[in-house]
Visitor: 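This is the structure, below, for whatever I ask next.
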Amino acid sequence: MGDKKLPLIYNQLYDAYGPQGWWPAKTRFEVMVGAILTQNTNWKNVETVIAELEKQKLLKPEKLDKVTLQHLAHLIRPAGYYNQKAKTLKAFLDYLKGRDFNLEKLMRRETKELRAELLRIWGVGPETADAILLYALEKPIFVVDAYTRRVFSRMGYVDEKITYEGLRGFFEQQLDKDLELFKEFHALIDELAKRHCKTTPECAGCPVSGLCRFSSKT
DNA sequence: GGCCAGGACACCA
DNA sequence: TGGTGTCATGGC
């Protein structure tokens, strides 16, 4: 593991797919809401909800904070797990309200303690916290998810039972602490998983050559 | 009609 | 700390 193959994999993915433009959102707050809504849920369902919130002009923390728990649950229904997610959004909004809804000020905070605070919010686990940190607050934290675990365990780089923190460490130790690199790499891994690394291996056409145990080493 | 999707929490041993 | 059940909609 001393040899750094991750940068090579990144280059292959970037060459194949190009920039992914993650996170797809207009504002930092929209990223945060999306990060919560997409928990174990198809992104398409999240888009439906985001569009509706936008339409009702509720995509501002001060506005969404005034919506009742019950109404919030109703609004986000298409995203699934709506009771849990409504509760999470409420807890998250409480957190923001306690900081005067000032996201710019939040960004100036130190990453480690900011992460610890986010993890204390009900319903916000490591992946959601890290997605918020990386894509909304622009902190260089590598976001790993189910796709990341599947892809890199299949390729033979990590055990499929590796912990979240273990997997995150695997990436952060090998890569330069580069915000744009972290943003892009995570997005590219998800794209790769969606195309070629589903529940059943579909290696044909996979752009990662020579670096995966399944690839033909030319 | 079954399977899965850009997780997290509660509860248990 | 590790395994299992629960939460839920919509697309394929």
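Per chain, numbering begins at 1; letters A, B, ... match sequence-line order.
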Visitor: Please determine whether a side-chain nitrogen or oxygen atom of Tyr82(A) lies at a distance below 4.0 Å from atom OP1 or OP2 of dT9(C).
Guide: yes
Visitor: Measuring from the side chain of Thr41(A) (C-beta onward, heavy atoms only), which nucleotide among dG7(B), dA8(C), dG10(C) has the closest atom?
Guide: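 Per side-chain heavy atoms of Thr41(A), the pick is dA8(C).
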Visitor: Thr163(A) side chain N/O closer than 4.0 Å to the phosphate oxygens (OP1, OP2) of dT1(C)?
Guide: no
Visitor: Look at the side chain of Gln84(A) and decide which nucleotide, out of dC9(B), dA5(B), dC7(C), has an atom nearest to it.
Guide: dC7(C)
Visitor: Mapping Lys44(A) and Asn40(A) onto DNA chain C by nearest heavy atom, which one lands closer to the 5' end?
Guide: Asn40(A)
Visitor: Might you work through the side-chain contact (heavy atoms from CB on, under 4.5 Å) test for Leu114(A) and Leu137(A), ending with a clear yes or no?
Guide: CA-CA 10 Å; Leu114(A) 200 50; Leu137(A) 301 176; 3.8 Å; yes
Visitor: So what does Val124(A) touch, heavy atoms closer than 4.0 Å: a base, only the sugar-phosphate, or nothing?
Guide: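 Sugar-phosphate only.
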Visitor: If the C1' atom of dG11(C) is compared with that of dA8(B), how far apart are they to the nearest Å?
Guide: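 Approximately 23 Å lies between the C1' atom of dG11(C) and that of dA8(B).
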Visitor: With rounding to whole Å, what would you report as the distance between dA8(C) and dC11(B) at their P atoms?
Guide: 16 Å
Visitor: Please tell me which of the listed nucleotides, dG10(C), dC7(C), dA8(B), lies nearest to the side chain of Glu127(A)?
Guide: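 For the Glu127(A) side chain, the nearest candidate turns out to be dA8(B).
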Visitor: Determine the Euclidean distance between corresponding C1' atoms of dA5(B) and dG3(C); express it in Å to zero decimal places.
Guide: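 Going atom to atom, C1' in each nucleotide, I get 22 Å.
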Visitor: One thing to verify: whether Lys57(A) and Glu52(A) come together as a salt bridge, which I'm taking to mean a side-chain N less than 4.0 angstrom from a carboxylate O.
Guide: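 No.
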Visitor: Quick one: which of dA8(B), dC7(C), dG11(C) gets closest to the side chain of Tyr81(A)?
Guide: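 The answer is dC7(C), which lies nearest to the side chain.
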Visitor: With sequence neighbours excluded, tell me which residues meet side chain to side chain donor-acceptor pair (under 3.5 Å) with Tyr17(A).
Guide: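 Testing Tyr17(A) for side chain to side chain donor-acceptor pair (under 3.5 Å), a comparison that skips the adjacent residues, returns none.
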Visitor: Roughly how many Å apart are dC9(B) and dG10(C), using the C1' atom of each and rounding to a whole number?
Guide: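 About 24 Å, rounded to a whole number of Å.
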Visitor: Show every donor-acceptor pair shorter than 3.5 Å between a side-chain atom in residues 83-95 of chain A and any protein atom, with sequence neighbours excluded, or say none if there are none.
Guide:
| from | atom 1 | to | atom 2 | distance (Å) |
| --- | --- | --- | --- | --- |
| Lys85(A) | NZ | Leu37(A) | O | 2.6 |
| Lys85(A) | NZ | Gln39(A) | O | 3.3 |
| Lys85(A) | NZ | Thr41(A) | OG1 | 2.8 |
| Lys85(A) | NZ | Ala79(A) | O | 3.1 |
| Thr88(A) | OG1 | Gln84(A) | O | 3.0 |
| Lys90(A) | NZ | Asp65(A) | O | 2.9 |
| Lys90(A) | NZ | Val67(A) | O | 2.5 |
| Tyr95(A) | OH | Glu117(A) | OE1 | 2.4 |

